[in-house]
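All remarks here apply to the structure that follows.
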Amino acid sequence: MENKEDLYKKAQLRLTDYLEARRMRKTPERYEVLKTVCQMRDIFTIDQLADQMQEGASFCVSRSTLFNTLEIFAAAKLVIKHNLVRAGLYECNIEPQPRACLVCEHCGMVRRLDKIEVTEFLSGIKARQFLVQQPVLYLQGTCRKCAMIMVRANSKKKKKS
């Protein structure tokens, strides 16, 4: 695994190539957002990114700039945009690899499942007449916290009956 500085340099080169190929501006804000994204190694929301930017960035970036910048990053395949629940969730994708995510249908929690067997299975998937570029598997269900809340609610209903 590369360190965060090497990861950022690799991402910076990919972003520069992407922006130049499309004649888009290479703004310092985009590179500052990219640097912060490279430091966030888990799935994150716009709010979490904004908080991280306020803590460590040398200047403030508006939420609309974050949304627009992440859309550019998604198009450049620098991040993965997970469209699962109430809000968009993002994940750094500088080093593409198969991913499996657990998604709670009740609270919206999304967590990456790091099982070697699942990763090996996803990396081996081939489809006829289709080139799989980024295998992502979503396992939907109920997280432990929500399951406990539901059990308690059901037991209270039974006591009242």
Side-chain angles (χ1 to χ4, degrees), residues 1-116 118-119 122-123 125 130-147 149:
M1 180 65 83
E2 298 178 60
N3 69 29
K4 290 179 183 178
E5 192 60 36
D6 291 341
L7 188 67
Y8 173 66
K9 287 179 182 177
K10 186 177 181 180
Q12 190 177 22
L13 289 173
R14 283 182 43 195
L15 178 61
T16 300
D17 290 345
Y18 180 84
L19 295 174
E20 286 176 352
R22 284 153 186 80
R23 296 185 178 199
M24 298 172 78
R25 292 180 295 135
K26 295 177 275 190
T27 64
E29 290 87 356
R30 287 179 178 160
Y31 289 98
E32 191 68 31
V33 173
L34 181 63
K35 189 174 191 176
T36 305
V37 166
C38 288
Q39 293 170 354
M40 300 179 77
R41 299 301 292 173
D42 210 359
I43 297 171
F44 60 91
T45 64
I46 287 284
D47 294 330
Q48 291 168 328
L49 179 60
D51 292 343
Q52 189 74 26
M53 291 288 298
Q54 283 182 338
E55 287 176 17
S58 57
F59 50 88
C60 290
V61 180
S62 70
R63 285 177 57 83
S64 63
T65 298
L66 291 178
F67 275 110
N68 294 334
T69 302
L70 286 175
E71 289 300 318
I72 291 169
F73 291 176
K77 297 188 179 4
L78 294 169
V79 298
I80 294 176
K81 182 176 181 183
H82 301 283
N83 291 316
L84 299 172
V85 289
R86 298 169 209 115
L89 300 169
Y90 298 87
E91 185 175 12
C92 185
N93 191 40
I94 307 306
E95 299 170 328
Q97 56 185 331
R99 289 171 166 77
C101 299
L102 302 173
V103 182
C104 180
E105 294 176 332
H106 301 278
C107 69
M109 179 275 310
V110 178
R111 192 182 60 156
R112 197 158 77 193
L113 180 64
D114 293 322
K115 294 280 189 186
I116 294 170
V118 175
T119 304
L122 289 174
S123 63
I125 290 179
F130 190 81
L131 175 63
V132 178
Q133 294 174 338
Q134 179 62 59
V136 180
L137 173 66
Y138 297 107
L139 302 169
Q140 295 184 323
T142 306
C143 70
R144 181 178 292 168
K145 183 179 174 182
C146 289
I149 291 170

Checklist entry - Given the rule in the side chain to side chain contact (heavy atoms under 4.5 Å, CB included) test, do Val61 and Thr69 qualify, once you have shown the distances and angles that lead to the verdict? => result CA-CA 10 Å; Val61 180; Thr69 302; 5.8 Å; no
Check: [Y] and [X] side chains under 4.5 Å, non-hydrogen atoms:
X: Arg99; Y: Leu122; result: no
X: Leu19; Y: Arg30; result: yes
X: Ile46; Y: Tyr90; result: yes
X: His82; Y: Tyr138; result: yes
X: Arg14; Y: Tyr18; result: no
X: Thr16; Y: Tyr31; result: yes
X: Leu78; Y: Val37; result: no
X: Asp51; Y: Phe44; result: no

Practice prompt. Sorted by first residue and then second, give each salt bridge (Lys or Arg N to Asp or Glu O under 4.0 Å) pair with at least one member in residues 66-80; sequence neighbours left out.
Written response: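 Found Glu71-Lys81.
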Please say whether more than 12 non-hydrogen atoms of neighbouring residues, nucleotides or ligands are located less than 6.0 Å from CD1 in Ile116.
->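 Incorrect, the count does not exceed 12.
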Can you confirm whether Arg111 is buried at CZ, in the sense that more than 12 heavy atoms of other residues, nucleotides or ligands lie under 6.0 Å from that atom?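 Atom CZ in Arg111 is not crowded, with 12 or fewer foreign heavy atoms closer than 6.0 Å.
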Do you know the tightest heavy-atom contact between [X] and [Y]?
X: Cys104; Y: Cys146; value: SG-SG, 3.7 Å
X: Ile94; Y: Ala11; value: CD1-CB, 3.3 Å
X: Val110; Y: Cys101; value: CG1-CB, 4.1 Å

Between atom [atom1] of [X] and atom [atom2] of [Y], what is the distance when rounded to the nearest 0.5 Å?
X: Asp17; Y: Gln12; atom1: CG; atom2: CD; answer: 11.0 Å
X: Asp47; Y: Gln52; atom1: CG; atom2: CD; answer: 13.0 Å
X: Thr36; Y: Gln54; atom1: OG1; atom2: CD; answer: 11.5 Å
X: Phe73; Y: Asn93; atom1: CZ; atom2: CG; answer: 12.5 Å
X: Arg25; Y: Ile72; atom1: CZ; atom2: CD1; answer: 9.0 Å
X: Leu70; Y: Leu89; atom1: CG; atom2: CG; answer: 11.5 Å

- Message: Tell me every residue that passes side-chain contact (heavy atoms from CB on, under 4.5 Å) with Leu139, counting only those two or more places apart in sequence or in another chain.
- Response: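 With neighbours one apart ignored, the set is Leu102, Leu113, Leu137.
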Holding to salt bridge (Lys or Arg N to Asp or Glu O under 4.0 Å), I want the full list of residues that pass it with Lys26, two or more places apart in sequence or in another chain.
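Glu20.
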